[in-house]
Amino acid sequence: MGLHLWMIMKMMVILSKVIFLLRVSDATPNASFDENYKIIWGNQHVQLLNQGREVQLSLDKSSGAGFGSKLYFGSGSFQMKIKLPAKDSGGIVTAFYLFLNTTVHEEMDFEFLGNRPGKPVILQTNVFTNGLGGREQKFSLWFDPGANFHYYKLLWNDHQVVFFVDDTPIRVYKNNIIRGVGYPTHTLQVITSFWDGSSWATDGGKTKVNYSNAPFHANFQDFNIDGCISMPNSPNKDCASQKYWWNNKKYWQLNPQQLKSLEDVRKKYMKYDYCTDKSRYPTPRPECSEK
Ligand SMILES: *[C@@H]1O[C@H](CO)[C@@H](O)[C@H](O)[C@H]1NC(C)=O
Ligand SMILES: *[C@@H]1O[C@H](CO)[C@@H](O)[C@H](O)[C@H]1NC(C)=O
Ligand SMILES: *[C@@H]1O[C@H](CO)[C@@H](O)[C@H](O)[C@H]1NC(C)=O
């Protein structure tokens with residue numbers, strides 16, 4: 001009888017310790033993959049690591065893979081911590097983007113175009129509004145994106161879309177609806193994908209994926225999403241509300257220090273800008289004439 005009671009008490013002590021530990025790990029700031037995301041293709045090529053705090057996508061001859069947010073959003077700040085394939089990534093595309101594919105195609109994307117060892121990975125960005133894309137800007141990076149994790153972020157409010165690499169803004173797409181320029185206004189899903197872009201991605205398709213180095217891996221961390229939840233078929237009208245931090249006036253434009261970083265990046269790292277491609281657009285797109 002006494003022994004029985006002692007064992008129950010002992011169990012309770014152990015249980016309370018377990019509960020305490022669970023609470024402590026609850027306090028980690030980063031969401032796990034399952035909280036916000038689901039696999040959308042290539043199930044066999046997705047591996048959850050570190051209790052779902054990291055995901056590894058693989059590419060081999062049979063498939064790549066991708067995942068997407070469970071929910072859809074009408075504004076927000078969307079980030080992903082990404083480590084690209086180390087060494088040979090020629091022909092491989094790793095992408096992180098906001099996307100709607102219904103009757104209207106809207107998209108804001110980061111696409112990393114892989115390369116052979118020693119050659120720079122190119123970060124291509126693009127914006128699609130109401131089905132209209134063709135707004136590519138390409139950059140090299142000031143670090144090796146296959147060596148470590150870095151943050152890639154999209155801030156999207158009623159005034160601007162800002163593309164960040166870590167905390168450095170590399171591109172701003174302003175809301176110029178008033179001048180007849182398209183702006184993303186639909187309800188979008190957050191997507192990542194990892195796939196064979198041999199037909200176009202590297203040197204215009206001349207550099208193909210070298211499968212003797214397969215499988216290739218891209219790793220992802222930090223599955224938090226700061227977004228205004230919405231529905232594709234019934235958009236949430238509250239997504240421009242000041243109750244969301246990213247809609248605050250200080251995010252309507254870059255601050256002077258950010259503007260300076262943006263100019264520096266454009267000067268040093270920009271490889272292509274659709275706004276200055278005269279052979280493609282003899283008359284520049286209207287959004288190009290505004291700073
Ligand atoms: C996620 O965790 C990392 C540390 O691994 C931390 O630097 C980062 O701020 C966290 N992100 C958020 C949104 O809390
Ligand atoms: C968009 O949707 C159409 C029709 O459902 C589909 O055929 C197409 O593959 C989709 N495109 C992308 C990029 O998901
Ligand atoms: C593909 O990779 C293998 C193994 O690293 C290498 O021997 C071969 O030269 C590579 N082929 C090309 C086209 O780069």
Side-chain angles (χ1 to χ4, degrees), residues 33 37 39-50 52-68 80-97 99 107 109-126 133-152 163 165-166 168 170-171 191-222 265-266 268-274 276-277 279-280:
F33 178 80
Y37 287 94
I39 298 168
I40 50 180
W41 64 287
N43 274 37
Q44 307 303 312
H45 291 73
V46 182
Q47 203 185 350
L48 264 59
L49 308 169
N50 188 18
R53 310 270 154 193
E54 180 170 336
V55 163
Q56 182 173 73
L57 301 185
S58 304
L59 171 70
D60 60 25
K61 261 202 167 119
S62 70
S63 182
F67 58 87
M80 188 63 65
K81 225 171 157 182
I82 307 175
K83 182 151 76 84
L84 298 182
K87 304 188 191 121
D88 188 2
S89 60
I92 300 173
V93 179
T94 311
F96 168 56
Y97 51 107
F99 182 63
E107 186 173 322
D109 57 58
F110 286 102
E111 284 185 315
F112 299 89
L113 314 179
N115 218 333
R116 292 283 178 249
K119 294 190 174 176
V121 167
I122 296 297
L123 170 53
Q124 169 167 298
T125 62
N126 202 353
R135 298 190 176 103
E136 295 87 353
Q137 286 185 354
K138 300 187 193 186
F139 305 84
S140 59
L141 293 164
W142 47 94
F143 52 83
D144 173 2
N148 292 108
F149 284 93
H150 289 269
Y151 268 110
Y152 304 96
F163 294 73
V165 171
D166 293 316
T168 306
I170 62 159
R171 177 173 188 175
I191 310 264
T192 75
S193 61
F194 188 52
W195 47 286
D196 183 334
S198 289
S199 66
W200 67 278
T202 312
D203 302 328
K206 288 198 280 289
T207 298
K208 314 278 184 199
V209 176
N210 182 350
Y211 282 106
S212 50
N213 299 318
F216 302 95
H217 302 293
N219 290 52
F220 302 82
Q221 291 179 348
D222 194 350
V265 167
R266 289 174 58 90
K268 290 189 198 145
Y269 300 100
M270 190 148 88
K271 299 290 176 207
Y272 175 83
D273 185 0
Y274 76 110
T276 56
D277 186 345
S279 59
R280 192 172 167 204

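Order of appearance sets the numbers: ligands from 1, and atoms from 1 within every ligand. Sequential numbering from 1 along the given sequence is applied to the chain's residues. None of the values given here were measured: they were computed from a predicted structure.
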Next on the checklist: Return the CZ to OG1 distance between Phe112 and Thr125, rounded to the nearest 0.5 Å.
Outcome noted: 10.5 Å

Checklist outcome for this item: for atom 2 (O) of ligand 3, nearest protein heavy atom and its distance come out as Asn210 ND2, 2.4 Å

Next on the checklist: Name the residue from Arg135, Arg266, Arg280 that meets the salt bridge (Lys or Arg N to Asp or Glu O under 4.0 Å) definition with Asp273.
Outcome noted: Arg266

Checklist entry - Got the closest protein heavy atom to atom 5 (O) of ligand 3, with its distance? => result Asn213 OD1, 2.9 Å

Checklist entry - Within the structure, does at least one protein heavy atom fall under 4.0 Å of atom 9 (O) of ligand 3? => result no

Checklist entry - Can the ring centroids of Tyr37 and Phe67 be said to lie less than 6.0 angstrom from one another? => result yes

Next on the checklist: List ligand 3 atoms under 4.0 Å from Ser212, heavy atoms only on the residue side.
Outcome noted: 1 (C), 2 (O), 3 (C), 4 (C)

Next on the checklist: Under 3.5 Å, is there a donor on one side chain and an acceptor on the other for Asn126 and Glu107?
Outcome noted: no

